[in-house]
Amino acid sequence: MPELPEVETMVRGIRPHLEGRTLTGFRRMPCSCRPILVEPSPAAVRRRAIGRTVTQIGRRAKRILLKLDSGDAFVIEPRMTGLMLIADPPDCEHLRVEWLLESGGRLSRVWFWDRRGLGTVRFLKREELTELLSIGRLGRDALEMTADDWRTALGRTIRPIKVALLDQSLSAGIGNLYASEILYRAGIHPARPAARLTAERVKRLHAAVQEVLHEAIRHEGSTLSDGTYRNALNQNGGYQSSHCVYDRAGDACAICRSPIRRIVQAQRSTFYCPKCQK
DNA sequence: ATTAATGTTCAGAA
DNA sequence: TTTCTGAACATTAA
């Protein structure tokens, strides 16, 4: 479930192995059970990208951006179970895409691994890229939102605040896990209508977004019990031990000892403390 | 041995 | 316009 902190961790992990290096190979892995979506075809990508230098590795919301000196770029969407790896894949049958790079005679290799295969790897020309990045379908990055930005974005919808936090057109980067953790930190009930939050509560929400996401990045993201998410070195993240509510239904709230509750909103699980969140 | 649940995005319907 | 539903897919727990 790579959300903003996990994707940011991936970006930081692969950056030293890509930036400033020249692309010498790109292929879809033949051992994959099913081929992952790569657009356009790997052969077409190779014609345009081989020999180019990687200038910049970045993140846009939950997407990884790999820019070349030509202005073209790879855009990787891990979705549910996608990982960027520089070593030791969890298994070989779910390796999907491989990049080979060279710098001063030193070779490096980066993989996209994806168990469920919902992730995508796209190669965009410069002009397509500017279009993709400027579009209104993705809101401002959650880490760049000011309290004022939140007030404006949330004022547009009466959906429950938890559901609004997942709407990537309002603000991009927060997913199901961190939405619950953020609302717990802010003391806000997940069912409260987004547009009805007082200015005071929006300020608390803004602070909670900053605290939770930065803390999660510091711990290199969350590896849940299914063990799917790993950093670029195939190591577990560490933030799962700091989760206050996510996947903790029935556990005692750390503050008031009330049992944490699980409800379903928009077909997704939400976890919260009924006493601490109003 | 089925069935539900997992979380992200998008297309299409309400 | 806004909101909701289902599908893409693999794996595991019930």
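This is a predicted model, so every value here is computed, not measured. The chains referred to below are lettered A, B, ... by the order of the sequence lines, with proteins before strands, and numbering in each begins at 1.
Across residues 170-179 of chain A, A:G175, A:N176 each have a non-hydrogen atom less than 4.0 Å from an atom of DNA chain B (numbered order).
Remark: P of C:dT2 and CG of A:D167 are 10 Å apart, rounded to the nearest angstrom. For the pair A:M10 CE and B:dT8 P, the computed distance is 12 Å after rounding to whole Å. Atom CG in A:L166 sits roughly 14 Å away from atom C1' in C:dT3 (whole-Å rounding). For A:D114 and C:dA10, the CG to C1' distance is 9 Å, given to the nearest whole Å. Across the protein-nucleic acid pair, A:R96 atom CZ and C:dA10 atom P stand 7 Å apart, rounded to whole Å. What separates CG of A:D247 from C1' of B:dT6 is a distance of 10 Å, to the nearest Å. Between A:L224 atom CG and B:dA5 atom C1' the separation is 13 Å, expressed in whole Å. Atom CG in A:L118 sits roughly 18 Å away from atom P in C:dG6 (whole-Å rounding).
Taking the C1' atoms as reference points, B:dA4 lies 16 Å from C:dG6, given to the whole Å.
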Review point. Pairing of DNA chain C as dot-bracket, 5' to 3': ( ) intra-strand, [ ] crossing, | other strand, . unpaired, with Watson-Crick or G-U pairs under 3.5 Å?
Key: .|||||||.|||||

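By the 30° and 60° cut-offs, the orientation of the rings of A:W113 relative to A:H94 is perpendicular.
Each of B:dT6, C:dA10, B:dT9 was ranked by its minimum atom distance to the side chain of A:R63; first place goes to B:dT9. Which of C:dT11, B:dT9, B:dT6 sits closest to the side chain of A:R115 comes down to C:dT11. The side chain of A:R116 lies closest to C:dC9, out of B:dA5, B:dT8, C:dC9. Residue A:T157 has its side chain nearest to C:dT3 when only C:dC9, C:dT3, C:dA10 are considered.
Between A:R79 and B:dC10, a side-chain N or O to OP1/OP2 separation shorter than 4.0 Å is absent. OP1 or OP2 of B:dT9 has not a single side-chain nitrogen or oxygen of A:R122 nearer than 4.0 Å. For the pair A:H94 and C:dC9, the criterion of a side-chain N or O lying under 4.0 Å from OP1 or OP2 is not met. Regarding contacts with the backbone of C:dT5, a side-chain N or O of A:Q267 is found under 4.0 angstrom from either OP1 or OP2. Contact annotation: A:R159 reaches the phosphate of C:dT3 (side-chain N/O to OP1 or OP2, under 4.0 Å).
Side-chain atoms of A:E102 and A:T24 form no donor-acceptor pair, as typed in the model, at a separation below 3.5 Å. For A:E6 and A:Y178, the side-chain atoms include at least one donor-acceptor pair closer than 3.5 Å.
Counting non-hydrogen atoms under 4.0 angstrom, A:S269 reaches the backbone sugars and phosphates but no base.
The ring-ring contact (aromatic ring centres under 6.0 Å, His included) with A:F26 is formed by just one residue from the set A:W111, A:F123, A:F74, A:F112; it is A:F74.
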Review point. Are A:R59 and A:D141 close enough, and set up right, to give a salt bridge (Lys or Arg N to Asp or Glu O under 4.0 Å), and what steps lead you there?
Key: CA-CA 10 Å; A:R59 177 183 64 76; A:D141 194 273; 2.8 Å; yes

Practice item. Could you go through the salt bridge (Lys or Arg N to Asp or Glu O under 4.0 Å) check for A:R52 and A:D72 one step at a time? Key: CA-CA 10 Å; A:R52 293 296 183 177; A:D72 301 341; over 6 Å; no

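Contact check for A:R96 versus A:V121: no side-chain heavy atoms found under the 4.5 Å cut-off.
For A:I158, the CD1 atom sits in a loose shell: 12 or fewer heavy atoms of surrounding residues, nucleotides or ligands are nearer than 6.0 Å.
Salt bridge A:E8/A:R12: present, at least one basic N to carboxylate O contact under 4.0 Å.
Residues satisfying the side chain to side chain donor-acceptor pair (under 3.5 Å) test with A:E220, not counting sequence neighbours, are A:N231.
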